[in-house]
Number of protein chains: 2
Amino acid sequence: MAEDVFKALADPTRRRILDELVERDGQTLFEICTRLVTKHGLGLSRQAISQHLAVLESAGLVHSRRQGRYKFHDLNTEPLERIVTRWLKPDTPEAP
Amino acid sequence: MAEDVFKALADPTRRRILDELVERDGQTLFEICTRLVTKHGLGLSRQAISQHLAVLESAGLVHSRRQGRYKFHDLNTEPLERIVTRWLKPDTPEAP
DNA sequence: TTGATAGGCAAGTAGCGACTTGCCTATAGT
DNA sequence: ACTATAGGCAAGTCGCTACTTGCCTATCAA
């Protein structure tokens, strides 16, 4: 649903997670945690990030694949392209 | 800020308002109210819509011009185009 | 001027959402 | 078998936000 995508994008931490995944796909929960802490100084618990990833996944923005005791997360930009074109009129002038 | 744009888009009622404005620009508060009620069956007070319009306006998604006792609202899609390209890699394959 | 229309301001309420804490499961290494 | 690592589940707290209610201002028509 578009509803889930918009709600997923509403949170700044979740957008940061997408930022990290667009840099490198296939990161685990712990990798994302340490990245958010070191690079952005966010002091969040592991569960907070886990819940954010669940929201992103149910919105279709992130796919995950389990492998042993690791769970790798991949970015999926497909839902992003759909939602915004909703309000872009077909005659909207493109940047020349 | 992108923050304001994402938060503005997070609410389904505000997205409906954008839907109405993309159909016809320059609507007043009362026009938007009656449209939301009749077309979508939303039972919202006038102030609720007014507050939603304020959020959309401070996000830059809606511009308003006062004229006498009327206030006309216009859609502005410019912020929309910026926000999503953030996660679209340059090598993202376009639909052929 | 009076009444009706279009809109604004402010306080209060209720529910959702982000985050934490505590405990539990499963896989890997030794 | 035992320990450490990677992750999950569930309940509880707290703050934000959507919405309402009540009252006030400004413009237009008669």
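If you're wondering where the values come from, they're calculated on a predicted model, not measured in any experiment.
- For Arg86(B), the side chain to side chain contact (heavy atoms under 4.5 Å, CB included) partners are Arg15(A), Asp19(A), Phe6(B), not counting sequence neighbours.
- Lys71(A) has no side-chain polar atom (N or O) that falls below the 4.0 Å cut-off from OP1 or OP2 of dA6(D).
- Checked against side-chain hydrogen bond (donor to acceptor under 3.5 Å, both in side chains), Glu78(B) has the following partners two or more places apart in sequence or in another chain: Arg82(B).
- The main-chain N or O of Arg35(B) is never found under 3.5 Å from a side-chain atom of Glu20(B) such that the two would form a donor-acceptor pair.
- Lys7(A) places its NZ atom 18 Å from the P atom of dC16(D), with the value rounded to the nearest Å.
- Of the residues in residues 18-42 of chain B, those lying under 4.0 Å from DNA chain C by heavy-atom distance are Thr28(B), Leu29(B), Phe30(B).
- For dG7(C), neither phosphate oxygen OP1 nor OP2 lies less than 4.0 angstrom from any side-chain nitrogen or oxygen of Ser50(B).
- Rounded to a whole Å, the CD atom of Glu57(A) is 13 Å from the C1' atom of dG7(D).
- Applying the salt bridge (Lys or Arg N to Asp or Glu O under 4.0 Å) rule to pairs touching residues 4-13 of chain A yields Glu3(A)-Lys7(A), sequence neighbours excluded.
- For Arg46(B), there are no side-chain hydrogen bond (donor to acceptor under 3.5 Å, both in side chains) partners two or more places apart in sequence or in a different chain.
- Per the geometry, CZ belonging to Arg16(A) stands 16 Å off C1' belonging to dA18(C), to the nearest Å.
- Val84(A) pairs in a side chain to side chain contact (heavy atoms under 4.5 Å, CB included) with only one of the listed residues (Thr85(B), Leu9(B), Val84(B)), which is Val84(B).
- Nearest-nucleotide assignment on DNA chain C puts the 5′-proximal partner with His73(B), out of Val55(A) and His73(B).
- Using a 4.5 Å cut-off between side-chain heavy atoms of Ile, Leu, Val, Met, Phe, Trp and Tyr, Met1(B) forms no hydrophobic cluster with any other residue.
- For residues 50-61 of chain A, the pairs satisfying salt bridge (Lys or Arg N to Asp or Glu O under 4.0 Å) are Glu57(A)-Lys71(A), with sequence neighbours left out.
- The ring-ring contact (aromatic ring centres under 6.0 Å, His included) contacts involving residues 58-77 of chain B comprise nothing, where partners must be two or more places apart or lie in separate chains.
- Note that the two end axes of the helix from dT1(C)-dA30(D) to dT30(C)-dA1(D) enclose an angle of 20°, each drawn from 5 base pairs, rounded to 10 degrees.
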Annotated protein contacts, base or backbone, on nucleotides 19-30 of chain D with a non-hydrogen cut-off under 4.0 Å, one of B, S, - each:
BBBB----BS--
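- Per the geometry, CD1 belonging to Ile49(A) stands 15 Å off C1' belonging to dG17(C), to the nearest Å.
- Sorted by first and then second residue, the salt bridge (Lys or Arg N to Asp or Glu O under 4.0 Å) pairs involving residues 58-67 of chain A (not counting sequence neighbours) are Arg65(A)-Asp74(A).
- Sorted by first and then second residue, the ring-ring contact (aromatic ring centres under 6.0 Å, His included) pairs with a member in residues 14-61 of chain A form an empty list; sequence neighbours excluded.
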